[in-house]
Amino acid sequence: MTFMQALPNRHLRSVAILGSTGSIGTQALEVIRQNPERFRVSVLTAQSNASLLINQALEFKPDCVVIGIESKCREIELALKSLNIPVLCGLDDLNEVVARPEIDIVLTALVGFAGLRPTLAAIKAGKDIALANKETLVVAGELVTSLANKHQVKILPVDSEHSAIFQCLAGEENNPIEKIYLTASGGPFRGKSLNFLSSVTKNEALKHPNWVMGAKITIDSASLMNKGLEVIEAKWLFNLQPSQIDVIVHPQSVVHSIVQFTDGSMKAQMGVPDMKLPIQYALAYPERIKNNFPRFNFLHYPNLSFEPADTQTFKNLALAYEALHSGGNMPCVINAANEVVVAEFLNNRLGFLQMSEVIESCMSKISFLSNPTLQDYMETDSETRSYAKHLVTNL
Ligand code: NDP
Ligand code: MG
C-alpha cells in the first residue's frame with residue numbers, strides 16, 4: 001500500500017461557513033486557522049457584522065462573502081476590492097452561494113429558521129452539511145433528512161450532544177439503539193423555583209455556567225428549550241422514536257451524551273466543554289486530527305453527577321416533547337414562537353416564565369398540518385411569528 005492510499009481523505013477540504021461571525025463560526029475559523037493543510041475557506045457569510053466579516057475575509061481570502069443586510073454591502077466591497085473578493089447581498093444570494101462547485105462542506109452556523117432554505121439549497125447541490133443550526137432540523141426534519149438521503153449527502157452533527165452520539169455510533173451501524181441520553185447542564189437556573197424564575201433578568205439568563213455561546217442559544221439553555229430542540233434534532237439525525245430519547249441533567253458538561261444499545265451496554269463520549277472539538281470532528285470526518293485543545297483532567301472533576309430534568313418548572317422541555325409527539329408542523333410552530341419570545345425577552349419586553357406561556361398559546365392556536373410542504377413550513381413560521389408578537393403586545 002502506498003502512502004497516498006493509506007490516507008485517502010487527506011485532501012484540502014473547501015468549507016463554506018454560513019454565520020462565520022458568530023460563536024460557532026469564529027470557532028470554526030480557529031479550527032481552520034490551525035489546519036491550513038486540510039481546510040480552506042470558500043465562503044463566509046454574516047447578517048450585519050460587516051467589520052468582522054471584512055477582517056475574516058482579509059485573513060482567509062475566501063472565494064466570496066455574503067452579507068445579509070444589503071445596506072452594508074458597499075462598505076464590504078470597498079474593503080475587499082484590492083483582493084478581488086466578490087461581495088453578495090441578501091437571502092437569495094445566500095441560497096445560491098452554497099452551490100458553488102468548489103465547496104465540499106457547508107457549515108450551517110447561522111441562527112434560527114433562516115438556516116432552513118440555504119441548508120436545503122446546499123443539500124440539493126450535493127454538499128455535505130456540518131449542521132450546527134439545529135432549528136433547521138426542528139422545523140423540517142423530515143424534509144431535510146429525506147432530501148439528504150436522495151442526494152446522498154452526509155449531515156454531520158456539530159451540536160456537542162449529537163456529535164457525542166454520532167461518535168458513539170461509529171462502528172455500530174448494524175446494532176440497534178435502545179435509547180439515547182442527551183445530557184443537559186441545567187443552565188444558570190438549575191434547581192431554582194418558579195417563584196425565583198418569575199423575576200430573573202436577561203443578564204442573569206445570559207450567564208451560562210459552562211459554555212460561551214450566541215445570545216439566542218444561551219437563553220434557550222436557561223429555559224431548557226435548547227434541550228427540547230435537541231430532542232427533536234436527535235429524532236431526525238438518528239431516526240429514533242420519542243420514547244427512545246431521554247434527557248439527563250449533568251451539571252459538569254463532561255459527558256456529552258450517551259447511547260444505550262440493545263444489550264444494555266452504554267457508550268458515552270466525554271471531554272472538556274469546548275465546541276471546537278465537535279466542529280473539528282464534523283469538518284474532518286471521518287478522521288480525527290491532532291490538536292492542542294485543553295485535555296480533560298479527572299482530578300479537576302472528582303464528582304460527575306446526574307439528576308432528572310425538572311419539566312414542571314422548565315415547561316419548555318415538556319412542550320418540545322409534546323411537539324415531537326404531535327409531529328407535522330408543530331415543531332415548526334414551537335420553533336417560531338420560541339424565536340419571537342427569546343427576542344422579546346432579550347429586549348426586556350417579556351418575563352422569563354411568560355416565554356413558555358406564549359409558546360403554549362401558539363401551539364394551541366396555529367392550524368395543525370400533518371404532512372407539511374416547504375411552503376406550509378414558511379407559512380406556519382410567519383403565522384406563528386405574527387400571533388406570538390400579537391400575544392406579547394397584548395400581555
Ligand atoms: P451567534 O448568534 O453567535 O451567530 C449567528 C451567526 O449567524 C452570525 O454570524 C450572524 O451574523 C448570523 N445570522 C444571524 N441571523 C441571521 C439571519 N437571519 N440570516 C443569516 N445569518 C444570520 O449564534 P451561535 O454561533 O451561538 O449559534 C449558531 C447556531 O449553532 C444556532 O443554531 C445554535 O443553536 C447552534 N449551536 C451553537 C452552539 C454554540 O456553542 N454557540 C452549540 C450548539 C449549537 P451577524 O454576526 O452579522 O449577526
Ligand atoms: Mg447542544
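Read the numbers this way: they start at 1 and go in the same order the structure lists the ligands and their atoms.
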Q: Flag this pair as yes if the NZ/CZ of Lys192 is under 6.0 angstrom from the six-membered ring centre of Phe189 and inside a 45 degree cone about the axis; otherwise no.
A: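 Lys192 over Phe189 ring: no.
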Taking only Lys NZ, Arg NE, NH1 and NH2, and the carboxylate oxygens of Asp or Glu, determine whether [X] and [Y] approach each other closer than 4.0 Å.
{"X": "Arg385", "Y": "Glu339", "value": "yes"}
{"X": "Arg33", "Y": "Glu30", "value": "yes"}
{"X": "Arg40", "Y": "Glu102", "value": "no"}
{"X": "Glu344", "Y": "Lys389", "value": "no"}
{"X": "Lys315", "Y": "Glu357", "value": "no"}

Q. Among side-chain atoms of Gln269 and Ser257, is any donor-acceptor pair under 3.5 angstrom?
A.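 Their side chains do not contain a donor-acceptor pair, so the 3.5 Å distance test is not met.
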**Q.** Residues forming a disulfide (SG to SG under 2.5 Å) with Cys73, sequence neighbours excluded
**A.**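 Scan of Cys73 (disulfide (SG to SG under 2.5 Å), adjacent residues dropped) gives Cys89.
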Q: Check the Mg ion (ligand 2) and write out every protein N, O or S atom at under 2.8 Å, as residue and atom.
A: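 Short answer, with waters excluded from the count: Asp159 OD1, Glu161 OE1, Glu230 OE2.
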Q: Give the protein residues with at least one non-hydrogen atom closer than 4.0 Å to an atom of ligand 1, ordered by chain and number.
A: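 Within 4.0 Å of ligand 1, the protein residues are Gly19, Ser20, Thr21, Gly22, Ser23, Ile24, Ala46, Gln47, Ser48, Asn49, Ala109, Leu110, Val111, Ala114, Ala132, Asn133, Lys134, Glu135, Asp159, Met213, Gly214, Ile217, Met275.
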**Q.** Hydrophobic cluster (4.5 angstrom, side-chain heavy atoms) - remaining members for Leu299
**A.**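 Its cluster partners, ordered by chain and number, are none at all.
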